[in-house]
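Worksheet: the structure to be examined is printed underneath.
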Amino acid sequence: MEQRKRKYVYEERRYVIIAAVVVLVLVFAVRLFYLQIIDDEYKGRADNNAYLRKTLYPARGIIYDRNDKLLVYNQPAYDVMLIMREITAFDTVDFCNTLGITKEFYYKRIQDIKDRKQNPGYSQYSPQVFMSQLSTSENGVLQEKLYKFPGFYIQNRTIREYGYPNAALLLGNIGKVNRKDIENDKYYTSGDDSGRSGVENSYEKVLRGEKGVEVLLRDVHGRIQGKYENGILDREPVSGKNIHLSIDIDLQAFGEELMRNKKGSIVMIEPSTGEVLCLVSAPAYDPGLLVGRQRGQNYAALENNPLKPLFDRSIMSRYSPGSTYKPAQGLVFLQENVITRDKMYTCANGYPFRGGKPACHGHASPLNLVAALATSCNSYFCWGLHDMLDSRRFYPSVAEAYDKWRQYMLAMGYGDRLGIDLPGENKGYIPDSKFYDKVYRNRWYSSTIISIAIGQGEISATPLQICNLAATVANRGHFYTPHVVREIEDSALDTLYTQARTTGIDPENYETIAEGMRSAVLYGTCRGLYMSDIEVCGKTGTVENSHGKDHSACVAFAPYREPKVAISVYVENGGFGATNAIPIARLMLEKYLHGAIPPELEYLERDIKNRVILSDNVQ
C-alpha cells in the first residue's frame, strides 16, 4: 500500500515537471515570436548595424502665378543627421567650431533629441536631425571633416526660395512637423517639413511628393561600403506636383504697395470663374523671412508685432460691411416684393430708431432704389427693412420675416465660410432670430435692430465675402466659390470651384442693383471710379467704428456688361469710403484692365502710396 502511494506521488511530480517544462517552452516561444515577428527593435538594431536606410526627400512642387511667373521654387539645403548609437568619442570643440555653434547648444540639442516628449518615436538606432538647413558653403566645410565625427552624416534637402517679396500670407510657409502631425499622418517623421499656412498648407499633399529611400551597406566598423545589392531595395523619390495660382503677382505687388502703412485688405475676383486675382492683407511682409535657420526668430518678431502682419485680414477679419451691404438689402426687398424698383421712400425726416435717425448724404427726396444706391441713402434701406419685418402682410411674425431675410444673406455668401482653398477663413456673422429673442426677451422689431439695414450692428463679413457680393451682382445672380489655385499639374480642380452657386434671387433684380451701382459711378458717391472707356459699377461704404476713426470701404465691378473683375477695398480708420477705398480701387482697376496707371493718375498713385493710416486699434 505504501509503495503504491509513493508511486502515485512520483507520477504527480512527473506531470508537474512536464507541465512546468511545457509552460517554460511556451513562454520562450512566445517571447521569441514577439521579438522576431512583432517587436522590430532587435531586428532594427541588427539591420542598423548592417545597413543605413537613407531617406531621399522629393523636390517640393513649384508654384507659378496665372501668367507663368515663378513665385516659389527650391534651393538645395543640407541637414546634419546623427544616429545616437553610432556616436563615439570625438572632438566636440572642433565639431562646434565647424558648424559655428556653442558647446551649450550642442549638449542641449542632444538632450532634446533624446526627449521622447519633444521627439516622439526617438530611437538611438534611427537617424535624427541635429541641425537643419545648412547652406552649400556650410555643407562644404563640414563635408571635409565629417570623417572625424562618427555617427553624423549629411542629408540632402531643399528649402523654399521666393521670386517676389509679396503674397506671403497667401503662399504660406514651411515649418517642422509637430507631434500631432506625425500621429495623424504616417508620411512624416521627426524633423520633416510641411506646409504650415497658406497654399503650402492647403495643398500640402499635392506639393510634398513621395519620399524615396537608399539602402547602404555597412562593414563591421559601421563604415559605408556602397549600395546594398546594387540598389535593389532603393526607391526613387517622386517630386511634388507644380501649381499655377490664379493670382496676378504684379497686381498683388501693386496692391501691397498701395496698402503700405495702412491696415486692411484688397480682394479682386474674376466673376466668370471665381479665380482670385489678388488677395492683399496689410500690413504685409516678405515671405523670405520665414526661410532658413532664422525662421523661428523672424516668426516670433512678426507674431509680436502689434499690427499683426501674420493675421490675414482678407479672409479672417470680421468687419461691419457698412453701405457695401446695401446692394444685398435691395436684392432681398425686390425678391420678396417688399419694394419695386420704382418704390419711393423719403429721407427728409430720416428713419426713427432708438430715438434717433440715420445720417444721410445730401440728395433729393423721396427717391427710388436706383437713386438710393447711387446716393447711398441710409433711410431708404431702413424703411425697406421696416416694411419687410414689421408688416404682417408678408410674414406672421418679425422672427419669421427676419429668418427669411437671413436665408437670402446666407445664400449670397454671408454668415458662413465661402470655402476658399486657404486655411483659416472666417465665417463672418449673421445672427438668427433666436439670438435677438434671447437678447431682447422676445420683444424686438425692425427699429430694435435697424442698424443692420445699413451694414452695421451685429452683422459682420470678411473682405472676401464683400467682394463676392460684387462678383455675384456682376454675374446677375450666381457666383463660383473663390479659389486661388487655377491649375494643378496632371490633376483636375475640385468641382467645388467649377460649379456655379445660385442665390435664389431673380436675375432681373440683380440687373436693377447693377444699374444702381452704375449710377453711383456716374453721379453718386463713386464718381472717383469713373473711366471714360470702361463702364464701372460701384458702391461706397463708410463704416462706423466705436474704437476710433471710421473705416473706408467700397466694392465695384467692371465692365457693366460682360464683367471681367470684381473688387473690394477695406481701409481700417480710413474715413469716408470715397477718401481712401475709392482711390485705391480706381488704381487697382486701372492696373488690371489697362495694364498700367495713366499719366494723369500718377499723382494719385504717389499720394496713396505715401499716405500713413495707422492706429493702435487692431481690428
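Looking only at side-chain heavy atoms (C-beta outward), E256 and M259 stay at 4.5 Å or farther from each other. Side-chain contact between L385 and F333 is present, with heavy atoms from C-beta onward closer than 4.5 Å. Counting only heavy atoms from C-beta outward, the side chains of Y510 and I505 approach each other to under 4.5 Å. Side-chain contact between E270 and S246 is absent, with no heavy atoms from C-beta onward closer than 4.5 Å. Using a 4.5 Å heavy-atom cutoff, the side chains of Y570 and T462 are not in contact. Two residues are said to be in side-chain contact when any heavy atoms from C-beta on lie closer than 4.5 Å; Y285 and L310 meet this criterion. Under the 4.5 Å side-chain criterion, counting only non-hydrogen atoms from C-beta, L170 is in contact with V484. At a threshold of 4.5 Å between non-hydrogen side-chain atoms, the residues K263 and P283 count as touching.
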- Task: List the steps, then state whether side chain to side chain contact (heavy atoms under 4.5 Å, CB included) holds for T273 with Y497.
- Result: CA-CA 8 Å; T273 62; Y497 305 116; over 6 Å; no
- Yes or no on side chain to side chain contact (heavy atoms under 4.5 Å, CB included) for I339 and L369, after CA distance, side-chain angles and deciding distance? CA-CA 9 Å; I339 63 172; L369 177 58; 4.0 Å; yes
- Query: Which is it for F381 and Y325 under the side chain to side chain contact (heavy atoms under 4.5 Å, CB included) test, yes or no, and what are the steps along the way?
  - Reply: CA-CA 10 Å; F381 297 95; Y325 202 57; over 6 Å; no
- Task: Evaluate the side chain to side chain contact (heavy atoms under 4.5 Å, CB included) criterion for residues L469 and V555: first the C-alpha distance (whole Å), next the side-chain angles of each, then the deciding distance (0.1 Å), finally the verdict.
- Result: CA-CA 8 Å; L469 173 66; V555 293; 5.8 Å; no
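Taking CD1 of I584 as the start and CG of L589 as the end, the distance is 12.0 Å to the nearest 0.5 Å. For the atom pair OG (S197) and CG (L171), the distance works out to 9.0 Å, reported to the nearest 0.5 Å. Note that CE of M268 and CD1 of I247 are 10.5 Å apart. Values are rounded to the nearest 0.5 Å. Rounding to the nearest 0.5 angstrom, the gap separating the CD1 atom in I449 from the CZ atom in F435 is 10.0 Å. Expressed to the nearest 0.5 Å, how far SG of C278 lies from CD1 of I567 amounts to 6.5 Å. Interatomic distance, OG of S194 versus CG of N201, reported as 7.5 Å (0.5 Å rounding).
A distance-only check finds no donor-acceptor pair linking the side chain of N426 to the backbone of S317 [under 3.5 Å]. Checking side-chain atoms of R476 against main-chain N and O of A474 turns up a donor-acceptor pair under 3.5 Å. Proximity of a side-chain donor or acceptor of E275 to a complementary backbone N or O of V485 within less than 3.5 Å is not detected. Judged purely by atom type and a 3.5 angstrom limit, T375 uses its side chain to pair as donor or acceptor with the backbone of A371. A side-chain donor-acceptor contact under 3.5 Å links S552 to the backbone of F576. A donor-acceptor pair under 3.5 Å links the side-chain atoms of N545 to the main chain of K549, judged by distance alone. Between the side chain of D550 and the main chain of T542, no donor-acceptor pair closer than 3.5 Å is present. Under a 3.5 Å cut-off, the side chain of N475 and the backbone N or O of T472 do not form any donor-acceptor pair. Using modelled atom types, one side-chain atom of R586 and one backbone atom of Y530 make a donor-acceptor pair closer than 3.5 Å. Not one N or O on the side chain of N468 forms a donor-acceptor pair closer than 3.5 Å with the backbone of L464.
At a threshold of 4.0 Å, the pair E487-R66 does not count as salt-bridged, since none of the basic side-chain nitrogens sits closer than that to a carboxylate oxygen. The pair D185-R208 meets the salt-bridge criterion, with a side-chain N (NZ, NE, NH1 or NH2) lying under 4.0 Å from an Asp/Glu carboxylate O. Checked for salt-bridge contact, R417 and E425 miss the test: no charged N lies under 4.0 Å from a carboxylate O. For the pair R196 and E200, the salt-bridge criterion is not met [side-chain N within less than 4.0 Å of a carboxylate O]. A salt bridge links E511 with R561; the closest basic N to acidic carboxylate O contact falls under 4.0 Å. Remark: D193 engages K176 in a salt bridge, criterion side-chain N to carboxylate O under 4.0 Å.
At a cut-off of 3.5 Å, with distance as the only test, a side-chain donor of D421 or Y203 sits close to an acceptor on the other residue. For the residue pair K326 and S323, a side-chain donor N or O sits within less than 3.5 Å of a side-chain acceptor on the partner. Between the side chains of N580 and R611, at least one donor N or O lies within less than 3.5 Å of an accepting N or O. Residues R295 and N173 bring a donor and an acceptor atom of their side chains to less than 3.5 Å of each other. Counting only N and O atoms by type, the side chains of E336 and Y395 include a donor and acceptor under 3.5 Å apart. Defined by atom type and a distance below 3.5 Å, a donor-acceptor pair is present between the side-chain atoms of T346 and S365. For the residue pair K609 and N261, no side-chain donor N or O sits within less than 3.5 Å of a side-chain acceptor on the partner. No hydrogens or angles considered: nothing links the side chains of S314 and S265 as a donor-acceptor pair under 3.5 Å. Y345 and D387 form a side-chain donor-acceptor contact under 3.5 Å, judged by distance and modelled atom types alone. Judged purely by distance below 3.5 Å, without hydrogens or angles, the side chains of Q252 and N166 never pair a donor atom with an acceptor atom.
The local environment of CD in E544 is sparse, with at most 12 non-hydrogen atoms from other residues, nucleotides or ligands closer than 6.0 Å. The neighbour count for R441 CZ, taken as heavy atoms of other residues, nucleotides or ligands under 6.0 Å away, does not exceed 12.
W444 and Y436 have tilted rings, their planes meeting at an angle from 30° to 60° on a 0 to 90° scale. Below 30°, between 30° and 60°, or above 60°: for Y319 and H551 the angle between ring planes is above 60°, a perpendicular geometry.
The heavy-atom pair separating T340 from L334 by the smallest distance is C-CD2, 3.7 Å. Residue S446 comes nearest to D390 through the heavy atom pair OG-OD2, 2.6 Å, listed as atom of the first residue, atom of the second, then distance. Of all the heavy atoms in L251 and M588, the pair that sits closest is O-CE, 3.6 Å. P271 and A471 get closest at one heavy-atom pair: CB-O, 3.9 Å. Closest of all the heavy-atom pairs between L169 and P309 is CD1-O, 3.5 Å. Shown here for F557 and A470, the closest heavy-atom pair between the two residues is CD2-O, 3.8 Å.
Paired with E572 under the rule salt bridge (charged side-chain N to carboxylate O under 4.0 Å, His left out), one option of R313, K308, K262 passes, and it is R313.
With sequence neighbours excluded, the residues forming a side-chain hydrogen bond (donor to acceptor under 3.5 Å, both in side chains) with E183 are R179, listed by chain and number.
Aromatic pair F254/Y592: centroids not less than 6.0 angstrom apart.
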